[in-house]
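Throughout, a chain's letter reflects where its sequence line sits, starting with A, and its residues are numbered from 1.
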2 protein chains.
Amino acid sequence: MLRLSKRVEYGLVALQHLARRGGVSTVREMSDDNGISYDLLAKIMQDLKRDGMICSHQGVRGGYTLILAPQEITLTRVVNALEKENSITSCTSAGEGCTREPDCSIKDSMHILQGTMEQALNSVTLAKLL
Amino acid sequence: MLRLSKRVEYGLVALQHLARRGGVSTVREMSDDNGISYDLLAKIMQDLKRDGMICSHQGVRGGYTLILAPQEITLTRVVNALEKENSITSCTSAGEGCTREPDCSIKDSMHILQGTMEQALNSVTLAKLL
DNA sequence: ATAATATAGGACTTTTGGAGTCCGACTTCG
DNA sequence: CGAAGTCGGACTCCAAAAGTCCTATATTAT
Ligand code: SF4
Ligand code: SF4
């Protein structure tokens, strides 16, 4: 359906929250403020941390902190951190491939489109949604 | 997952087939030539016809014919004809909407991104894959 | 030390949409 | 009439998204 997953939407909202407030925020705080499921957002934050754009502090008074400049955080990066696949078709994916690939008459155009799409996603940065 | 549906891929292949050969082609011919399920492609062709970019001829020696110039057929149009929803989020959809919309802090950016995406899809026309 | 608060992460269910199949009806030409 | 085609509903199957639950672990405050 060519749609962004809710994970990405929630991830963006959370990153926006971190960027606006600065410092440390807990998942509970972010989920309550934005009406997002706590458990779901907790997983998302873990994935974002795994990427390296935020860092975590466990224990009392812990939480998450933004460690990259908002200009550095592109939508492409968020999508890659939160979704396993990003490609417009299976042949434009790194580890997927398509059986029809050898004699597919549209795959060249799909590769071009893939580039265009990534360019579109790259044009959106966290800085632009503050 | 931000991926084009197989329906769109097959639709493009079929349209390409029509444009390259010209005149009338049957679903059987197109599905066999490109290794696509007959039943599936049959449904796709019906949807493309409903859109108006091709016309159909029933009965013996029937089939489908392209009635628009390849330059006129954009990927946006194909996607709209073959998928129910095209929007990047539910709030950027015409008949869908989102409960969180009133106080969503990213929806403006999503609307902008929606425009960028459609621009990307518009840049691909049938003429470019001949 | 202990209790409270927070992330870490595995396992699970439910929901949704894509993909593909099947079959009967209708239309047209020879 | 009968063959070759489109038309279109209903259906199954499967994978991914969405959401839930529960336990472990780390850190801080008292
Ligand atoms: S090779 Fe062709 S059919 Fe296979 S994924 Fe790429 S575009 Fe689609
Ligand atoms: S309003 Fe916000 S949460 Fe709802 S669909 Fe749009 S972007 Fe997503």
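- For B:Tyr64, the listed nucleotide lying nearest its side chain is D:dT6; candidates were D:dT28, D:dT6, C:dA8.
- Picking from D:dC21, C:dT21, C:dT28 the nucleotide with the shortest atom distance to the side chain of B:Gln58 gives C:dT28.
- Among the nucleotides D:dT28, D:dA17, C:dT7, the one closest to any side-chain atom of B:Met1 is D:dA17.
- Side-chain nitrogen and oxygen atoms of A:Lys49 include at least one within less than 4.0 Å of the OP1 or OP2 phosphate oxygen of C:dA8.
- To the nearest angstrom, P of D:dA10 lies 14 Å from CD of B:Gln46.
- Of the N and O atoms on the side chains of A:Ser87 and B:Arg3, at least one donor lies less than 3.5 Å from an acceptor on the other residue.
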| task | Could you walk me through whether A:Glu72 and A:Arg77 pass the salt bridge (Lys or Arg N to Asp or Glu O under 4.0 Å) test, one step at a time? | result | CA-CA 9 Å; A:Glu72 298 294 324; A:Arg77 185 161 182 174; over 6 Å; no

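- Here C:dC22 is the nucleotide among C:dG20, C:dT7, C:dC22 with the atom lying nearest to any side-chain atom of B:Lys43.
- A side-chain N or O of B:Glu83 and one of B:Ser5 form a donor-acceptor pair less than 3.5 Å apart.
- For B:Ser5, counting side-chain heavy atoms from C-beta on, the closest listed nucleotide (D:dA18, D:dA29, C:dG18) is C:dG18.
- With a 6.0 Å radius and a threshold of 12 heavy atoms from other residues, nucleotides or ligands, B:Gln119 has its CD atom at or below the threshold.
- When the nucleotides D:dA18, D:dG5, C:dT21 are ranked by their closest atom to the side chain of A:Arg7, D:dA18 comes out on top.
- The side chain of B:Ser37 has C:dG20 as its nearest neighbour among D:dC7, C:dT28, C:dG20.
- The separation between B:Leu2 atom CG and D:dA16 atom P is 16 Å, rounded to whole Å.
- Mapped onto DNA chain C by nearest heavy atom, A:Val60 and A:Ala42 fall at different nucleotides, with A:Val60 at the one closer to the 5' end.
- B:Glu96 and B:Ser90 share no donor-acceptor pair across their side chains, judged by distance under 3.5 Å alone.
- One can place CG of A:Leu48 at 13 Å from P of C:dT7, the figure rounded to the nearest angstrom.
- In the displayed structure, B:Arg61 atom CZ is contacted under 6.0 Å by at most 12 heavy atoms of other residues, nucleotides or ligands.
- Rounded to whole Å, atom C1' of C:dG18 lies 14 Å from atom CG of B:Asp47.
- The distance from atom CD1 of B:Ile44 to atom P of D:dC7 is 14 Å, rounded to the nearest whole Å.
- Distance B:Lys6 NZ to C:dT21 C1': 18 Å, rounded to the nearest Å.
- Between the CZ atom of B:Arg61 and the C1' atom of C:dC29 there is a distance of 9 Å, given to the nearest Å.
- Contact annotation for A:Tyr38: base contact, defined as any heavy-atom pair under 4.0 Å involving a base atom.
- Here B:Thr26 does not reach the OP1 or OP2 of D:dT6: none of its side-chain N or O atoms lies under 4.0 Å away.
- Rounded to whole Å, atom P of C:dA19 lies 7 Å from atom OH of B:Tyr10.
- Using a 4.0 Å heavy-atom distance criterion, A:Arg50 is classed as a sugar-phosphate-only contact.
- Comparing A:Gly62 and A:Asp39 by the nucleotide of DNA chain C that holds the closest heavy atom to each, the one mapping nearer the 5' end is A:Gly62.
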